[in-house]
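Here's the structure, in structure tokens; my notes come after.
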Amino acid sequence: MLNINIIINDPKGIESKLMKRGYSLNPADIIDIYNQRKDLIKIKETIAANKNKLNDKFKDASTEDEKNEIKKQSQEFEKKISHNKSLLEEKESELTKLMLDIPNIPLDDVPVGEDDKDNKIIKTWGSPKRHNFEHSSLFTKNGLLNFELGAKISKTRFVVMKGQIAKLHRSLVSYMLNQHTEVNNYIEYNVPYVVNSESMRGTGQLPKFEEDLFKINDSDLYLIPTAEVPLTNLYRDKIMIENDLPVYMVAHTPCFRSEAGSYGKDTKGIIRQHQFEKVELVHITCPQDAEKSLDMITSHAEKIMEDLEIPYQRVMLSTGDLGFSSCKTYDIEAWFPSQECYREISSCSYFGDFQSRRLNIKYKNNVTKRKEYVSTLNGSGLAIGRTMAALIENHTDGKIIKIPKVLQPITGFDIIKL
RNA sequence: GGAGAAGUGGCUGAGUGGUUGAAAGCGGCACCCUGCUAAGGUGUUAUAGGGUUUAAACUCUAUCGAGGGUUCGAAUCCCUCCUUCUCCA
């Protein structure tokens, strides 16, 4: 959620910044409701103050008549207060609704554009190969990756992995977790895969993107679309001291996405599944360290790609491609030889105080002595299924898949025969 | 599933109807003291939202798990819910 004061202080500026990402803000509406709300507050509080003053007189009242008079007046005040209170609540929920709908403001260095075609390539690594060995079709004979079974027991966009592929998948998880905890100093968490709506609101999935989530019937619970949700929400309603920061967390979880609106997209392979696994990195930092932190997260993710010897590029998302809560995002895209293109495998985002306002996470600033909102960031380090698909395609000759050196101690094998 | 107990500021923890927005301690911060460190001394230290102001100071309102209720007045009494703990099955 944005700080409403920045809209009030610079309505035109914010309007044009949000326009860059295709969101048309109507500052006049917001300011109007904000002022109506203020007027109601003034009225309500004046009456409340009068009532409080009246109550103080009760002790000094000596006669029954006086006391009764005070009782009568106080009840009158109370009626007016509760009337104004309900008017105020209405205005406030109206305002909150508008505010929750507004996406984060892109940083100035984010390239302006309409969609992913306008993303800016920051760096590339490795030498891309080309061939026609699409990862899923390599397994039609041996069935180690089985989409029919996934559809049979569940539905399309679910997959069953077996044998060496299941183990390769698990080894990737282990490798990534070990790397992040042992080399990059993250604290490992194991968290619930089902969270309540308050958590979803905190990180920005709700109220706007409910159709992307799997909701559990007759409950306030949802399947997590990413470990970002439970991890970041661990700190909801916390006030920290500056010395507690930064916080680096990592967790491996399955992720569930309804993929509403992506019909027909990426129907082949494990690129877009309703359920996939991911190792997620979350940072909570002081605002002044946050941009540095974004580079750190991104390079932690890139290092995994390099260890796995998968060619990749880093792009900065354009304003049109930026996620709702993010003010700056780097995507890491793996090279897919069969598609002859780079595909997203990690998304590393900086949220400023957008999430921490919703989540109410603050820290006590050592210099200003005030409690200020922390910055939150997260990045995939990495998406397991896509990484495995990229690994398979980049390390196969159509007959075998070579397992990268760093994984061999965990897999216990160095090739998979097809 | 049944029976109890509890949820208070960054933390621990007093507080059962009227200057209690809240004692005390810890922690934090500022200053003093000491050659340095440790120890000590003094002061300060909740959040949100209004008013006012260049700003600070000041002032008002709300907040003691959440939401309702009783009352002139609620952290304190009642109800519902949530959470935690203990005991029983």
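Throughout, protein chains are lettered first and strands after them, A, B, ... in sequence-line order, and every chain is numbered starting at 1. Values reported hereafter were calculated over all heavy atoms of this structure, with side chains retained and with hydrogens, waters and symmetry mates removed.
Sequence neighbours left out, the pairs with a member in residues 272-292 of chain A that pass salt bridge (charged side-chain N to carboxylate O under 4.0 Å, His left out) are A:E259-A:R272, A:D266-A:R272, A:K278-A:E280, A:D289-A:K292, A:E291-A:K328. Applying the salt bridge (charged side-chain N to carboxylate O under 4.0 Å, His left out) test to every pair with at least one member in residues 165-190 of chain A, sequence neighbours left out, gives no pairs at all.
As the counterpart of B:C31, B:G41 is assigned, both hydrogen-bonding distances of the Watson-Crick or G-U wobble pattern falling under 3.5 Å. Pairing for B:A75 is absent, with no Watson-Crick or G-U wobble pair whose two atom distances lie under 3.5 Å.
Between A:Y248 and A:H180, the ring center distance fails the sub-6.0 Å criterion.
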Filtered N/O pairs between nucleotides 56-64 of chain B and protein, under 3.5 Å:
unit_1: B:U61; atom_1: OP1; unit_2: A:N52; atom_2: ND2; d: 2.8
unit_1: B:U61; atom_1: O2; unit_2: A:E45; atom_2: OE2; d: 3.4
unit_1: B:A62; atom_1: OP2; unit_2: A:N52; atom_2: ND2; d: 3.4

Dump every N/O contact between nucleotides 8-10 of chain B and the protein below 3.5 Å, one line per pair.
none

Polar atoms only, N or O, under 3.5 Å: list the protein pairs with nucleotides 71-74 of chain B and their distances.
unit_1: B:C72; atom_1: OP2; unit_2: A:Q75; atom_2: NE2; d: 3.2
unit_1: B:C72; atom_1: O3'; unit_2: A:S74; atom_2: OG; d: 3.4
unit_1: B:C72; atom_1: O2'; unit_2: A:N55; atom_2: OD1; d: 2.4
unit_1: B:C72; atom_1: O2'; unit_2: A:S74; atom_2: OG; d: 2.7
unit_1: B:G73; atom_1: OP1; unit_2: A:K51; atom_2: NZ; d: 3.4

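Annotation: proximity of residues 6-14 of chain A to RNA chain B (heavy atom, distance under 4.0 Å) is found for no residue.
B:G25 and B:C32 have their C1' atoms separated by 23 Å, given to the nearest Å.
Between A:R37 and the phosphate of B:G49, there is no side-chain N or O to OP1/OP2 separation shorter than 4.0 Å. Here A:Y34 reaches the OP1 or OP2 of B:G50: one of its side-chain N or O atoms lies under 4.0 Å away.
A:R386 places a side-chain N or O within 3.5 Å of a backbone atom of A:E344 that can act as its donor or acceptor partner.
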